Amino acid sequence: MPYQTIPGQIPRKLAIERCRREYLSLDFENLLREKGIDSNLIMQRHPSNGDEHLTTPGKPLPDLPLEIFDNDDYDCRTPDDWLTLGNDARSTDHKPLPARALLPTDKKTPAENTNTYCLDYNWHLVGVLDYSKEKCLYLVEKVHQNNTLTDDHKQSKSPGMNSCVPGTKHWVPRIRLLFLAEDPRLFIKRLQFALCSREKTEALILYHSSVEYMPTMEGMPSLDTHSLQHSTKHVPSTSGLRPKIVDLEKELKREHDLVMNRMIFNKVVMSQPEEFSHITLPKKDPEHVPQKGCISVPQFDYESNRAAFIFHSLLMKPEVICVLSAIWFECNKVAKMRLFNVTSIKPLRLDDFEVLQSQMHTQIRLYLRESWTLTLTNSIRSNLENIGLGAYNVNESLWQMYKLSKLYRLMEVVRFNMQDSLRYLVLDSLLGLNHSILDACQSVLTCPQDMVWGSDLITSPYKPKKNPLFLLDLVLDQTGAHYCIEPEKFETTLVNLFDKGILATYNVPQLDKFVMQKLYIGDDPMLISVKLWEPQVADLREQVRKALIQAAIPLRAYAAEYEQHLELHSLDIETFLDCQMNEEQTSQEVKKEVEQHLREKERIEQSLPSSIMIGPFVVRVEAVRQALSNKRKALANAMLQRLALKLRKRINDTKELTKQVRDKVVEKCEAGLGYKKISRALNIFLSTIKSIIRKWKEYGTTANLPRGGRPPKLKSRTRRK
């Protein structure tokens, strides 16, 4: 019954309450007695030493379990639907379902005592707890009235159920279980069908076993040689059947003997029905035995049926067939189009990907609303205009006449074909986008939430199945290591594109207003496309959303490994040099630090990739790699430049000192103390100092210093001077 009923009909809750009261008013055991069903005969018997008194002559005990003859067509719910009725929206506990089950009357069950079997079964009130799909059995628990239980234990039970005594659980098939929420009369019909099927099967087994083990009587005619040779000649010619001739002859003779035994056995049973009352002969179905070589056809008025078919059929004019052919061609063309461009080999940035898909949506929207509509309209009018007045009058101006004509039904066929093409267009496009994203995210779907990438930043174990879709740049700044676009934005953007692709097929007009140009149609009827909330669309959208959420996990883990380089990236060189270098630091110490920075530079270039593939993303790391490498190189050059400045200062101090020495020497020379010797020595000293200063001025900048920061060696003669 519908959940929302129109006024005048019985509400759903009222119908359920009426059924519940009706089912409770029926006495199930009384209904069994009225139908002549014995509960003990439902169970499969396992005869033991004390079972001789139960065996009646001519009525052997049933040996086949009844559940193999059960018919599921009588069931109004699936096992999962039955168990769902026990769910409570206000709690997470599963309540037992009230039912009746055919269980042993004594406390011992076959599982507890394998030597003896209970022979008396009765219908007990039970609570259904679970269902096993492998065994196709329900787990039930016997229910007894127990007044000694505490109030808390009673409150934990389902309403309307008595207290469950522990240790009385059973696995029972569906044929032995009657839910209180189902019609007991329908369940009894189910029991009758299973019992009747088992009785027929047991009778056939007994009959065929009797014929199979019946000895061959002497003097019984055997298969003649001519018939045997004829059969062995034609049977091997059958395709796929190549038996051995010896085995074939034995099989033919055996089958002939069985047929003869069956004829004799049937004759004896029919002649002595009292003695063989427990034997039931198979009934021949006359409907399946044709009396003639063909099937008779009932008489009917061919001419009137043909005239009625012609009157209702659309395929009676070649112009209409041409119209339908053109419609199918154009509709198939639309069905093969795609709303999303996912064939690009080159990965794109999210903005470029969104622009590309938006362009596709715009092109499809314009084609559907203009070109497609115009092409179909021209095709219909050009083929039907020449027919003129009648059933396909495209110049009809009366709405009542148009609705009664074949043209109205033809336009309905056109409308259904157009809507079908739109559905194929949307669903196939969504499936294509879904498969592309899932293929790209296939390797990252099992990543845990607390994933850690590891030390290897070059090799990626999460490569896509085909081609990556998106391009990302890794960024290092004061906020940390992150990407130019947050990974969560991909989920939102793709879901929006998902919906925009569906909306691109909306507002496509129907063709009635364009074909019937002289007919007044007030509103603009539109074709029905795929809805945003349809189950298949919702499932595809959810798969894409979950895949992109999962793909963001290794992205964040990979970016977290670059947190160790944040200190170097945000390092201020001048502040670092002020803290690390001092006036007492020697050139050898500076040399070691410079070489250390150069080694770190090489390590960064070797340990960081230029780009890496992670699921559907290609992450470009070249900018971060070059920035870190250049920072190490800048540190080394800055230290060399600081050392050069310090040495230049010392040279300037030496220059000032030499000026002072020169002034003092000049004073001494003016006093006449060895002027020539002192003047010669002073000139040599000054020329040496000038040469050193000139060399240091040439290499005074870090750009001209050689690697290692050492100035060029002076000539030996100059060094001696």
Side-chain angles (χ1 to χ4, degrees), residues 340 342-353 431-477 479-495 497-498 539-569 600-629:
F340 303 98
V342 292
T343 59
S344 177
I345 301 177
K346 181 181 178 181
L348 302 175
R349 296 184 180 275
L350 182 59
D351 297 339
D352 298 336
F353 184 83
L431 282 173
L433 179 62
N434 178 272
H435 290 165
S436 299
I437 294 177
L438 292 183
D439 288 343
C441 300
Q442 184 181 19
S443 57
V444 300
L445 296 179
T446 57
C447 294
Q449 292 291 336
D450 54 348
M451 171 188 170
V452 178
W453 184 271
S455 58
D456 188 3
L457 301 178
I458 298 179
T459 306
S460 172
Y462 306 106
K463 293 185 178 181
K465 188 176 181 180
K466 294 181 180 178
N467 297 322
L469 301 176
F470 308 110
L471 186 63
L472 276 176
D473 288 331
L474 185 66
V475 178
L476 286 181
D477 54 19
T479 59
H482 58 90
Y483 297 97
C484 59
I485 300 175
E486 292 298 327
E488 291 76 12
K489 190 176 179 181
F490 285 88
E491 171 204 349
T492 307
T493 303
L494 265 295
V495 171
L497 286 176
F498 216 77
D539 292 342
L540 294 175
R541 187 190 296 113
E542 186 65 17
Q543 291 177 10
V544 170
R545 190 184 67 82
K546 289 182 178 180
L548 292 175
I549 291 176
Q550 196 70 17
I553 296 176
L555 274 183
R556 289 192 291 267
Y558 185 77
E561 297 297 329
Y562 284 82
E563 299 285 344
Q564 58 183 333
H565 300 290
L566 281 177
E567 183 179 359
L568 174 62
H569 187 271
E600 288 294 328
K601 174 180 176 295
E602 294 178 357
R603 186 185 66 82
I604 288 174
E605 293 176 351
Q606 294 176 0
S607 61
L608 300 184
S610 59
S611 63
I612 186 172
M613 286 190 295
I614 305 176
F617 306 100
V618 173
V619 180
R620 294 202 305 188
V621 199
E622 183 63 25
V624 175
R625 180 169 172 263
Q626 290 296 332
L628 296 176
S629 176

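We're numbering straight along the sequence, starting at 1. When reading the values below, keep in mind they use all heavy atoms of this one structure, side chains included, and skip hydrogens, waters and symmetry mates. None of the values given here were measured: they were computed from a predicted structure.
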What's the separation between atom CG in Leu628 and atom NZ in Lys601, rounded to the nearest 0.5 Å?
12.0 Å
Can you tell me how far apart CG (Asn434) and CD (Gln543) are? Round to the nearest 0.5 Å.
5.0 Å
Going by salt bridge (charged side-chain N to carboxylate O under 4.0 Å, His left out), name the residues that satisfy it together with Glu563, two or more places apart in sequence or in a different chain.
none
Across all chains, not counting sequence neighbours, the side-chain contact (heavy atoms from CB on, under 4.5 Å) partners of Gln449 are Gln550, Ile553
If you take all heavy atoms of Ser443 and Gly615, which pair is closest and at what distance?
OG-CA, 4.5 Å
Could you tell me whether Gln564 atom CD has more than 12 heavy atoms of other residues or ligands within 6.0 Å of it?
yes
Would you compute the distance between atom CZ of Phe340 and atom CG of Leu433 and round it to the nearest 0.5 angstrom?
5.0 Å
Mind listing the closest non-hydrogen atom pair of Ile604 and Ser629 along with its distance?
CG2-N, 4.3 Å
Salt bridge check, Glu488 against Arg556: does any charged N sit closer than 4.0 Å to a carboxylate O?
yes
Compare every heavy atom of Ala547 with every heavy atom of Ile437, then report the nearest pair and how far apart it is.
CG2-CB, 4.4 Å
Roughly how far apart are Asp352 CG and Lys346 NZ, rounded to 0.5 Å?
8.5 Å
Given side chain to side chain contact (heavy atoms under 4.5 Å, CB included), test Leu474 with Tyr562 step by step and report yes or no.
CA-CA 9 Å; Leu474 185 66; Tyr562 284 82; 3.6 Å; yes
Just wondering, do Phe353 and Thr493 contact through their side chains at under 4.5 Å, heavy atoms?
no
A side-chain contact here means heavy atoms from C-beta on lying under 4.5 Å apart; do Leu348 and Phe470 qualify?
no
With side chains defined as the heavy atoms from C-beta onward, is the minimum distance between Cys441 and Pro616 less than 4.5 Å?
yes
Under 3.5 Å, is there a donor-acceptor pair between the His482 and Asp477 side chains?
yes
Taking only distance into account, with no hydrogens and no angle test, what donor-acceptor pairs under 3.5 Å do side-chain atoms of residues 617-626 form with protein atoms, sequence neighbours excluded?
unit_1, atom_1, unit_2, atom_2, d
Arg620, NE, Asp473, OD1, 2.9
Glu622, OE1, Arg625, NH1, 3.3
Glu622, OE2, Gln626, NE2, 2.7
Arg625, NE, Glu605, O, 3.2
Arg625, NE, Leu608, O, 3.0
Arg625, NH2, Glu605, O, 2.9

If you measure from CG on Leu438 to CG on Leu548, what distance do you get to the nearest 0.5 Å?
9.0 Å
Please set out all donor-acceptor pairs under 3.5 angstrom arising from side-chain atoms of residues 453-464, sequence neighbours excluded.
unit_1, atom_1, unit_2, atom_2, d
Trp453, NE1, Asp456, O, 2.7
Asp456, OD1, Ile458, N, 3.2
Asp456, OD1, Thr459, N, 3.4
Asp456, OD2, Thr459, OG1, 3.3
Ser460, OG, Tyr462, N, 3.2
Ser460, OG, Met613, O, 2.5

Are any side-chain N or O atoms of Tyr483 and backbone N or O atoms of Leu555, one a donor and one an acceptor, separated by less than 3.5 Å?
yes
Where Leu476 and Ala481 come nearest, the two heavy atoms and their spacing
CD2-CB, 3.4 Å
Quick one: pull up CG in Leu350 and CG in Leu469 and give me the separation to the nearest 0.5 Å.
11.0 Å
Any residue meeting salt bridge (charged side-chain N to carboxylate O under 4.0 Å, His left out) with Arg545, in chain and number order, not counting sequence neighbours
Glu491, Glu542
Of all heavy-atom pairs between Arg349 and Cys484, which one has the smallest distance, and what is that distance?
NH1-SG, 4.0 Å
Which pair of heavy atoms, one from Val342 and one from Gly432, lies closest together, and at what distance?
CG2-O, 4.3 Å
ring-ring contact (aromatic ring centres under 6.0 Å, His included) filter on Phe498, not counting sequence neighbours, yields none
